[in-house]
Amino acid sequence: MTKRILITGGAGFIGNHLVRLFVNSYPEYQIYNLDKLTYAGNLENLKDVESKPNYHFIKGDITDKDEMQNIFKSHFFDAVIHLAAESHVDRSISGPDEFVLTNVVGTVNLLNAARTHWAGKMEGKLFYHVSTDEVYGSLGPKGAFTEFTAYDPRSPYSASKASSDHFVRAFHHTYGIPVVLSNCSNNYGSYQFPEKLIPLMIHNIKYEKPLPVYGKGLNVRDWLWVEDHARAIDTIFHKGKQGETYNIGGNNEWTNIDLVRRLCGIMDTKLGREAGTSEKLITYVQDRAGHDMRYAIDASKIKAELGWEPSIEFDKGFETTIDWYLEHSDWLNHVTSGAYLNYYSEQYADR
Ligand code: NAD
Ligand code: DAU
């Protein structure tokens, strides 16, 4: 069945994988990628699909409510998969306002556009909101976030995502908009902007720059291959129950320091350096303010109800990812130039 699907933030890290998956798997769907192309959005990520007949790009800003109304009016979308966001926790600490505007106001603008243009014809429509495990707060050494864990966001980023989740549920209950939500753990894979831990460390190891590990490096994250996240979104989009939330995770917890050491070891081998060379670059720096200690996802609901689980062992996904960054030095060099470098020096000036 044909569908007109709006994917927001499709030029970003997760978005480009999702757009590629949908464009290639569903030639009968028309995929509209709406993106503002902030520092994190890069159309080069989608070169391989840009000439496909079912792919369309719209340069747009979700914070512009009139623009969102007009785009909905002219495109007759059947569904929205909403990923556009400011996504980096450190940026939210140095400048929270942009996170409120994009993540909260932007989401409400999209919900309002759906409410206006889907009024009286909600049947078959779907607003899918892509969210994060960070809304649940920080865990101690044991336990994992379930879909029933109370929200306890602790950074401006997670507070803005939690707020957007609440608005999505409120529009479902108040106006009957058909919605579904998912909350995912940390993603790794190709095309991730190198302000995030793994591509930043790969870049710095390659160029023998310091590896800035926050605090003692003992914070724990649950890593999932980005293409498995895209598959999970596909599964939930097609099989998820309206009004429901699904947690998505990799069942793959690492302390930051163990992950960075592992990366150093693999990179030494790949770059033909003596074992132990890259570890010497590890530099403990001032901790992130309010740094959440541990995230872990209980993904049993999506497995039991929809049959999704991660497809790839971490060792394989991690090595594939490292190879990708080493083989795509043009991509990495491109995104690490200009504005990114200014940001980088501001971010790390006092660390
Ligand atoms: P990203 O920062 O790589 O990409 C965000 C995209 O949104 C960019 O292409 C950017 O240009 C676009 N965008 C930003 N502001 C916009 C605006 N005002 N209008 C239109 N487009 C705009 O982010 P990501 O890591 O791909 O994350 C995508 C979504 O998934 C986010 O909602 C994030 O909260 C969520 N998420 C991310 C992870 C992760 O590990 N990266 C994990 C769980 C959930
Ligand atoms: O959990 C899902 C979230 O994962 C997403 O919602 C966010 O959009 C995404 O950015 C990610 O958030 P994190 O803050 O966990 O990711 P980040 O890559 O910034 O950091 C991962 C861990 O590594 C975290 O504990 C902070 C630490 N870190 C990060 C950087 C950039 C360092 O020690 N040094 C660094 O230079």
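Each ligand, and each atom within it, is numbered from 1 in the order the structure gives. All residue numbers in this chain count up from 1 along the given sequence.
At a heavy-atom cutoff of 4.0 Å, ligand 2 is contacted by the side chain of Asn256 but not by its backbone. Looking at Leu197 against ligand 2, both its backbone and its side chain come within 4.0 Å, counting heavy atoms. By the criterion of a heavy-atom distance under 4.0 Å, both the backbone and the side chain of Lys196 are placed next to ligand 2. With a heavy-atom cut-off of 4.0 Å, Leu200 touches ligand 2 through its side chain alone.
Using cut-offs of 30° and 60° for the angle between ring planes, the Tyr207 and His203 rings count as tilted. The aromatic rings of Tyr26 and His238 sit tilted relative to each other, their planes meeting at an angle between 30° and 60°. Ring orientation note: the planes of His56 and Tyr32 are close to parallel, at an angle under 30° on the 30°/60° scale. In this structure, Tyr295 and Phe145 have tilted ring planes: the angle between them lies in the 30° to 60° band. The aromatic rings of Tyr136 and Tyr151 sit perpendicular, their planes meeting at an angle over 60°, well past the 30° parallel limit.
Under a hydrophobic-cluster definition in which Ile, Leu, Val, Met, Phe, Trp and Tyr are linked whenever side-chain heavy atoms come within less than 4.5 Å, directly or via other members, Tyr188 and Leu83 are assigned to different clusters.
The contact set between ligand 2 and Thr132, taken as ligand atoms under 4.0 Å from a residue heavy atom, comprises 1 (O), 2 (C), 3 (C), 5 (C), 6 (O). In the vicinity of Val213, heavy-atom distances shorter than 4.0 Å reach the ligand 2 atoms 33 (O). For ligand 2 and Val89, the ligand atoms under 4.0 Å from any heavy atom of the residue are 14 (O). Shown in contact with Asp133 at under 4.0 Å from a heavy atom are these atoms of ligand 2, numbered in order with element: 1 (O), 2 (C). Listed by number with element, the atoms of ligand 2 under 4.0 angstrom from any heavy atom of Tyr157 are 5 (C), 6 (O), 7 (C), 8 (O). The distance from ligand 2 to the heavy atoms of His291 drops below 4.0 Å at these ligand atoms: 24 (C), 25 (O), 26 (C). Interface atoms of ligand 2 facing Pro212, defined by a heavy-atom separation under 4.0 Å, are 32 (C), 33 (O), 34 (N), 35 (C), 36 (O). If you number the atoms of ligand 2 from 1 as listed, the ones under 4.0 Å from a heavy atom of Glu195 come out as 31 (C).
For ligand 2, the polar-atom distance check finds an N/O of Glu134 within less than 3.5 Å of one of the ligand's N/O atoms. Of the polar atoms of Tyr295, none of the N or O atoms is found under 3.5 Å from an N or O of ligand 2, judged by distance alone. The shortest N or O to N or O distance between Cys184 and ligand 2 is not below 3.5 Å. In terms of polar-atom proximity, defined here as any N/O pair under 3.5 Å, Ser185 makes no such contact with ligand 2. Ligand 2 has no nitrogen or oxygen under 3.5 angstrom from a nitrogen or oxygen of Trp223.
Nearest heavy atoms, Cys264 versus Leu211: SG-CD1, 3.6 Å. Between Ile233 and Ile14, the closest heavy-atom pair is CD1-CG2, 4.5 Å. Minimum heavy-atom separation, Asp78 to Thr2: OD2-O, 4.5 Å.
Contact shell of ligand 1 (protein heavy atoms, cutoff 4.0 Å): Gly9, Ala11, Gly12, Phe13, Ile14, Asp35, Lys36, Leu37, Thr38, Ala40, Gly41, Gly60, Asp61, Ile62, Thr63, Leu83, Ala84, Ala85, Ser87, Thr102, Val130, Ser131, Thr132, Tyr157, Lys161, Cys184, Ser185, Asn186, Asn187.
Residues Arg91 and Tyr39 have side chains that bring a donor and an acceptor to within less than 3.5 angstrom of each other.
Under the 6.0 Å distance and 45° angle rule, Arg4 does not count as a cation-pi partner of Phe77.
Of the candidates Asn186, Val220, Asn219, it is Asn186 that places a heavy atom closest to atom 4 (O) of ligand 2. Nearest to atom 28 (N) of ligand 2 by heavy-atom distance, out of Phe13, Tyr188, Tyr214, Tyr284, is Tyr214.
Counting heavy atoms of neighbouring residues, nucleotides and ligands inside a 6.0 Å radius, atom CD of Glu28 exceeds 12 of them. Within a 6.0 Å radius of NZ in Lys316, other residues, nucleotides and ligands contribute 12 heavy atoms or fewer. For Tyr29, the OH atom is densely surrounded, since the number of other residues' heavy atoms within 6.0 Å is greater than 12. In the displayed structure, Asp298 atom CG is contacted under 6.0 Å by more than 12 heavy atoms of other residues, nucleotides or ligands. In Lys206, the NZ atom is crowded: over 12 heavy atoms of neighbouring residues, nucleotides or ligands sit closer than 6.0 Å.
Lys161 does not count as a contact of ligand 2, since none of its heavy atoms falls under 4.0 Å from the ligand.
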